[in-house]
Structure formats: structure tokens, C-alpha cells
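Whatever order the structure lists them in is the order used to number ligands and atoms, beginning at 1.
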Amino acid sequence: MEVVICSDERQVGEIAADRVIDWLFGLPTPVLGLATGSSPIALYEELARRAVLGDIDFSHAIGFALDEYVGIDPEHELSYKQTIRRTVVEPLRMNPARVHVPDGSAEDLAAAAAEYDRAIKDAGGVDVQVLGIGSNGHIGFNEPTSSFASRTRVKTLTQRTRDDNARFFAEGEQVPTHCVTQGLGTIMEAKHLVMVVTGEHKADAVEAMVEGPVSAMCPASILQFHPSALVVLDEAAASKLHYADYFRHIAASKPDVAEQGR
Ligand code: F6R
């Protein structure tokens, strides 16, 4: 796992965007895995800026979101379908017809989830998967105790995740109890993973993911098994890492951080 510690959120976005562009370079039909939430906003803003500058063109890219709530109207502004449209599809000038979000309102959720995994395979697999991490160590909505072999499926959200996400909902509006999420097995098939994390409230989860044992109690710790996983952190998110100085040393002592720390 490659860990890069940045001075602030803006630099987190820049470093992550550099690498995403690097990884996608020359691909005629790049396939992007997309996370929602606060963490990747700086990355998406930077990618949007680079798209305007002409450094990269997302018009032929295909997108697959990580997850969607169950029991929320896909047209609701807080559905992940709409969130991805606002924060990714429009700013990055992607073709909306090529961007997929799990169907949380399908009559047969299991069949729709299996179809989603098939669609990812048919597209040739995800080239770069963008990830955030939950304060309980989840990725996608793979909550603690999720199987490392899991595929896209329905999951029950923990109370902690529902509390964390309550900030997006209006007072009196309930955070959904269930979701459809790509599984850990699905996520691990992406060719490259880039995780972006900011804030002290994520420091424990980051420490468990990077330095803890690989355990279903911290689903993100599965990244330790991925051959190309980059984790970009701000100082606050990195504040509990025992190896922080080592990661800083790696980044400072070689000119091309892309080749290090894996
Ligand atoms: C969202 C997702 C989640 C979030 C995580 C962190 O698509 O997959 O794993 O990345 O809950 O959320 P934020 O970034 O809002 O703190």
C-alpha cells in the first residue's frame, strides 16, 4: 500500500488527481469506479479543473458508482444517483448514459445487484476505483464483518454509518436503513485503487486499515492485499499512524512517488 500524507485537502485532491490521470492515460474507454460522500470532492474538483484545461477527457469514460440507498427515490436529491450526477458526471463532463449506479429501487434487488457485477465485467472491469473510508472502516457500504469475497448485494447499514450520514439529510428525514453496495470482492478486482481521506475523525479507521491486522472488523484493511492501492491523507487523517514519518520519508526521498511504498 502506498501512503502519501499531504498538508491540506487541496493537496490531497491534486496528488490523487495526478495519479488518476496517470493511470487512465492512453485508455480509449477508461472505466472509473466512483465513491460518493465528502472525501472525494477535492479529487473530483481537481479532475474537473484538469478536464477543462484539456489534460484529460472523460467524455468516453464509463462510470460505476460504489453504492446506492435502498428505499430512496432515485430522483431524490440525496440518492447516490443524483449525488453522482451533481458531483461527478456534470463537472467531469461525462456522458450520463455511460454512468451506472446500483438500482436500490429494483423489485428484485438481488438480481439487479448480480446484473451490476456483470455490467462491470462486460465493461472490461474498473481501471481506477475511487474510495473513501467510513469512520468504522467500511469501504463502499461494506460494514464491519462483511465478507472479503462479497459481491454487489444488499447490506444493512450500521447505526454508526446512519449517524455519520445524517448530516446530509434534513431534520426529521430518516437515513435509509439499507443499501446496495459493490462487494469487497468486486472492489478488489479494480486494477488500481485510490483512497482519499481527510479529517481527524477518520484517524482511527486509517490506522486500522494501514497498520492493523487484515480483519473483517476493518473492511478497508483488505487494501493491504491489493497490488496497486494508493491512500492519500491529510495530516489530521494520518495523525494516528505510527509509520507516518516513514511514509513522509518515502515521499520526500525519491523524485517519483508513483514508484514507491507498494
Ligand atoms: C460512498 C461510500 C462510503 C464513503 C464513506 C466516507 O459511496 O462508498 O464508503 O466513502 O462512508 O464518507 P465521507 O467521505 O462522506 O466521510
Aromatic plane relationship, Phe64 with His100 - under 30° parallel, 30 to 60° tilted, over 60° perpendicular: parallel
Within reach of ligand 1, part of Thr181 (heavy-atom separation under 4.0 Å):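 Neither; nothing of Thr181 gets under 4.0 Å from ligand 1.
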Ligand 1 contact on Thr36 by region, counting heavy-atom pairs under 4.0 Å: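 Both backbone and side chain.
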Contact (N/O only, under 3.5 Å) between [X] and ligand 1:
X	result
Arg167	yes
Lys202	yes
Leu34	no

Can you pull out the closest protein heavy atom to [atom]? Residue, atom name and distance to 0.1 Å, please.
atom	result
atom 5 (C) of ligand 1	His138 NE2, 3.4 Å
atom 14 (O) of ligand 1	Ser39 OG, 2.4 Å
atom 2 (C) of ligand 1	Asp67 OD2, 3.3 Å
atom 6 (C) of ligand 1	Ile133 O, 3.3 Å

For [X] and [Y], does a side-chain donor sit closer than 3.5 Å to a side-chain acceptor?
X	Y	answer
Thr29	His60	no
Glu173	His76	yes
Ser135	His201	no
Asn95	Ser59	no

What are the atoms of ligand 1, with element, lying closer than 4.0 Å to any heavy atom of [X]?
X	answer
Gly132	10 (O)
Leu66	8 (O)
Ser38	13 (P), 14 (O), 15 (O)

Pairs touching residues 146-167 that satisfy ring-ring contact (aromatic ring centres under 6.0 Å, His included), sequence neighbours left out: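 Matches after skipping sequence neighbours: none remain.
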Summary of ring-ring contact (aromatic ring centres under 6.0 Å, His included) pairs that have at least one residue in residues 24-57, sequence neighbours excluded: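 Sorted result for residues 24-57: empty, none.
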Residue Glu90 excluded, over 12 heavy atoms near CD under 6.0 Å: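 Yes, the 6.0 Å shell around CD holds more than 12 heavy atoms from other groups.
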Residue-ligand contact Glu143/ligand 1, heavy atom below 4.0 Å: no
Residue from Thr161, Asp67, Thr158 passing side-chain hydrogen bond (donor to acceptor under 3.5 Å, both in side chains) with His138: Thr161
Minimum non-hydrogen distance to atom 9 (O) of ligand 1, winning option of Ala35, Pro219, Ser135, Gly140: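 Looking at heavy atoms only, the winner is Gly140.
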